[in-house]
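Note that this is a predicted model, so its numbers are computed, not measured. FYI, side chains are in, hydrogens and waters are out, and symmetry mates aren't considered; it's all heavy atoms of this structure. Sequential numbering from 1 along the given sequence is applied to the chain's residues.
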Amino acid sequence: MQTDLYSISKIFTERLLRIPDYQRGYSWGSKQLKEYWNDLTQLEDNKNHYVGVLTLEDVKQDFVDLWVDDQWIIKAKSFQPYYVVDGQQRLTTTIILIQALLETISDNDKLNFTSKADIRSKFIFDSKDDGVSRSYIFGYEQDNPSYEYLKSKVFMEQIDSAGIQETIYTSNLENAKSFFIEKFRDLTINQLEHVYTVVTQKFLFNIYTISTDIDVYVAFETMNNRGKELSHLELLKNRLIYLSTKFDVEPYERDTLRKLINDSWKSIYHYLGKNKLKPLDDDLFLQNHFILYFGEVLSGMMNGEYSFRRIRRAFNYKDFLLDDKFSPKNISTSSNSEGELNISEVKDYAKSLKNSVEVWYQILNPKLSSFSKEEKYYLEKINRIGVEPVAPLIMVFFQKEKSKEKRVSLLKALEKLMFWSLLSRSFVYMDIDGSYIISVSSQLTKNEIDPLEAIDAIESHLERLKKSTHIYTFIKDYMRRTSFYKWGGIKYFLYEYELYLKESSKTYRDKIDWDSYNIEDTRDHYTVEHIYPQNPRKKCWTDKFNSFTSKERGMLRHSLGNLLPLSQPKNSSFQNKCFVDKLGDKHRKIGYKYGSYSENEVACNEEWTANNILERGLKLLTFMEERWEISLGDRADKVKFLNLSFLDKKKRKK
């Protein structure tokens, strides 16, 4: 193993560098870019900066032969081809910075007495025929989605970009380039030259070249890149490619499996990064796919005393996938061996991941999906509650069942089940994300039940809950012990009531945007308001509520009927105003009369008293009963549920 310190200028001397297929793409975000920039700008003039390790692997000749565009530079200029095993994040960042420098300076400018053309030929590409054919000094292997993106979007080469596939990694490439372009915008040519000097001469790498007796796939798993550990999904790809080299099968079968793995991960990262405003977490996808694919592993661990949430925290699916299932020690010596890992199992698993990811993307982005209007409608509701507990079941169901009607039936049942979990705030008693959901998902995956039986299983489970007096007692006791304001489901419930009022009004305009409404309360702005305020110091409030004890006033403030979803986050000072001032007027048009449908409804009241809070609370509970088929008892039961029984007692005394 050779080791030495090299500047970027020396590294890019007679070397071709490629990111191999088992490597992840470019994963650095703003945090790592800022650290890199600080290292560069804070370096003293007479100092060098040790960047880290750059681990390279010699490329075998049969792979080099596939680099058709690079044969001339390898043979005529004796360039040596290498794979970058570790250090690609720092190396990629450096090349993006150099490209950003080239785009910032004019054609007549030079950096360190070096022209743009010479800098480009050293770090970006060289040509044997004045630019007609090009050999890129640094890049990805051709079947990597980042290969074409790097050339066309980062290096600004004129190529056919119609088929370019965007992923989370390509988005990171774009963001890194924008970061440096912005940094260079106001720098003088002397300052830009200083940046070029530091990054090419003073940033030093420790180069390791892996010898042939070291297994590069195993080495890759042990290496970390600065500030950005490998995700489980990234490690898994490397592991599966490694296994593809170990099976005792014909070479074409190993090559086919490797291509399948690469194609699967292409698809995975395409969909995980497709919505740039809301990129999806790769490990969350892997975890949920694990639940549906290996559900029996978890369901076998469960009993009535433990919820899946607790089991999932304790059970490391990464260890199962990498240490127990897809481990070299499990490699089958024969295609017919039982109880051992064979090539067909790896193929089936990689195919399942690929087939699942598009559905996963659409489930978590229903507005951007190809689903029907009604499917989107219920998926949006489930996403608002929190899709994670039931995501594996939806994912496998939507892969197997194409009927819109059956899909909607499942979603309706799951939404009701999820709302019950919000009421109880306990998955232990509700068994919603426990062994039952996992079991149904696993059975559906293995074709032990069909989609209709899966729907029936969920609906039957829901019916059992409705008939359980124990569950009702638990819900009522829980809600009496806490306040509705602190209830985890308050925003979802009030939003659903808002949609109900919208539909009743027969209008199509949304007055509350869920994403804005669901933000965590920051500083002094709130999206759920206490109509009777938390700090009711004004005389308009004290006159109406001072007949109640301090405890009773607290119950009134936090009771369901006193909570209102706002169309726009409002400052807490607004909450403390008198009711008449909260209504708004035609001059300012700020207030309940001009807000959400719920605000409009409250604005129909001339005043706001304890009785108004009670009556609105009862109205909301009636909506809850009808919307989710929940029986909360008679009026007295509901008043007790609202923690307002003292109001009826005071009336009787009068």
Measure from the side-chain N and O atoms of Thr445 to the backbone N and O of Leu292, and report whether any donor-acceptor pair falls under 3.5 Å.
yes

Where is the tightest heavy-atom contact between Tyr149 and Thr170, given as atom of each residue plus distance?
CE2-O, 3.3 Å

Backbone N/O of Pro565 and side chain of Ser596: donor-acceptor pair under 3.5 Å:
yes

Gap separating the CG atom of Asn600 from the CG atom of Leu501, nearest 0.5 angstrom
9.0 Å

Does Ser559 reach the main-chain N or O of Leu556 with its side chain, forming a donor-acceptor pair under 3.5 Å?
no

In terms of the angle between their ring planes, are Tyr317 and His232 parallel, tilted or perpendicular, with boundaries placed at 30° and 60°?
perpendicular

With the threshold set at 4.0 Å, does a side-chain nitrogen-carboxylate oxygen contact exist between Glu380 and Lys376?
no

Ignoring hydrogens and angles, state whether a donor on the side chain of Glu626 or Tyr500 is under 3.5 Å from an acceptor on the partner side chain.
no

Nearest atoms (heavy-atom pairs only) where Tyr517 meets Lys491:
OH-O, 3.0 Å

Side chain Glu459, main chain Asp456, donor-acceptor under 3.5 Å:
no

To the nearest 0.5 Å, atom OH of Tyr532 lies from atom NE2 of His530 at 11.0 Å

Side chains of Ser631 and Glu625: do they bring a donor and an acceptor to under 3.5 Å?
no

Any donor-acceptor pair under 3.5 Å linking the side chain of Asn288 with the backbone of Leu284?
yes

Go through the steps to decide whether Trp28 and Asn175 satisfy the test side-chain hydrogen bond (donor to acceptor under 3.5 Å, both in side chains), and finish with yes or no.
CA-CA 9 Å; Trp28 272 18; Asn175 292 338; over 6 Å; no

Would you call Leu393 and Ile291 a side-chain contact if the rule is heavy atoms closer than 4.5 Å?
no

What pairs with Arg464 under salt bridge (charged side-chain N to carboxylate O under 4.0 Å, His left out), at least two apart in sequence or on another chain?
none

Lys373, NZ atom: more than 12 neighbouring heavy atoms under 6.0 Å:
no

If you look at every heavy atom in Met555 and Phe646, which pair is closest and at what distance?
SD-CE2, 3.8 Å

Flag side-chain contact, heavy atom, 4.5 Å: Leu564 against Leu494:
no

Which heavy-atom pair separates Lys593 from Gly584 by the least distance, and what is that distance?
CD-O, 4.0 Å

Does the side chain of Ile630 come within less than 4.5 Å of Leu632's, by heavy atoms?
yes

Out of Glu374, Glu415, Glu496, which one pairs with Lys381 under the salt bridge (charged side-chain N to carboxylate O under 4.0 Å, His left out) rule?
Glu496

Give the ring-plane orientation class for Phe493 versus Phe623, where under 30° counts as parallel, over 60° as perpendicular and anything between as tilted.
tilted

To the closest 0.5 Å, what do you measure between NZ (Lys544) and CZ (Arg553)?
15.0 Å

Return yes if some donor-acceptor pair links the side-chain N/O of Trp265 with the main-chain N/O of Leu233 below 3.5 Å, else return no.
yes

Smallest separation among heavy atoms of Ala391 and Trp360, with atom names:
CB-CZ3, 3.4 Å

Heavy-atom side-chain contact between Glu358 and Ser267 under 4.5 Å:
no

Check Glu629 with Lys416, please: is the shortest side-chain N to carboxylate O separation under 4.0 Å?
yes

May I ask you to say whether Glu601 pairs ionically with Lys619, meaning some side-chain N is under 4.0 Å from a carboxylate O?
yes

Treating Asn383 as the side-chain partner and Leu379 as the backbone partner, does any N or O pair qualify as donor plus acceptor under 3.5 Å?
yes

Phe285 vs Leu280, test: side chain to side chain contact (heavy atoms under 4.5 Å, CB included). Steps then yes/no.
CA-CA 8 Å; Phe285 163 69; Leu280 303 179; over 6 Å; no

Kindly indicate whether a cation-pi arrangement holds for Arg24 with Tyr169, taking the cut-offs as under 6.0 Å to the six-membered ring centre and within 45° of the axis.
no

The test is side-chain hydrogen bond (donor to acceptor under 3.5 Å, both in side chains); show your working for Glu182 and Ser178 and say whether it passes.
CA-CA 6 Å; Glu182 184 63 30; Ser178 298; over 6 Å; no

Indicate yes or no: does Lys276 engage Glu166 in a salt bridge with an N to O separation below 4.0 Å.
yes

If the threshold is 4.0 Å, N to carboxylate O, is there a salt bridge linking Lys582 and Glu607?
no

Side-chain donor-acceptor pair present, Glu463, Ser460, cut-off under 3.5 Å:
no

Return the orientation label for the Tyr492 and Phe419 ring planes: parallel under 30°, perpendicular over 60°, tilted otherwise.
tilted

Give a yes or no on whether the backbone of Met395 and the side-chain of Gln399 come within a donor-acceptor separation of less than 3.5 Å.
yes

Testing the basics here: between Trp541 and Cys578, what is the closest heavy-atom pair and its distance to 0.1 Å?
NE1-CA, 3.7 Å

Between Tyr377 and Phe371, is there a side-chain heavy-atom distance shorter than 4.5 Å?
no

Verify, without hydrogens or angle tests, whether Asn355 (side chain) and Ser352 (backbone) share a donor-acceptor contact under 3.5 angstrom.
no

Report, as yes or no, whether the 6.0 Å neighbourhood of atom NZ on Lys318 holds more than 12 heavy atoms from other residues, nucleotides or ligands.
no

Tell me, do Glu599 and Ser567 make a side-chain contact under 4.5 Å, heavy atoms counted?
yes

In terms of relative ring orientation, are Tyr271 and Tyr361 parallel, tilted or perpendicular, with 30° and 60° separating the classes?
tilted

Does Asn605 use its side chain to pair, donor to acceptor, with the backbone of Trp608 at less than 3.5 Å?
no

Spacing of Ile268 atom CD1 and Leu286 atom CG [to the nearest 0.5 Å]
8.0 Å

Compute both the distance and the angle, then confirm whether Lys511 meets the cation-pi test with Tyr597: under 6.0 Å from the six-membered ring centre, within 45 degrees of the axis.
yes

When you compare the side chain of Phe397 with that of Val440, does any pair of heavy atoms fall below 4.5 Å?
no

Would you please test Lys402 and Glu375 for salt bridge (Lys or Arg N to Asp or Glu O under 4.0 Å) and show each step?
CA-CA 11 Å; Lys402 304 306 177 186; Glu375 288 169 298; over 6 Å; no

Given Ser171 and Glu174, is the side-chain hydrogen bond (donor to acceptor under 3.5 Å, both in side chains) satisfied, shown in steps?
CA-CA 5 Å; Ser171 179; Glu174 179 183 12; 4.9 Å; no

CG of Leu620 to OG of Ser598, rounded to nearest 0.5 Å, is 8.0 Å

For the CG atom of Asp281 and the CG atom of Leu272, what is their distance to the nearest 0.5 Å?
8.5 Å

I'd like to know whether NZ of Lys400 has more than 12 heavy-atom contacts from other residues, nucleotides or ligands below 6.0 angstrom.
yes

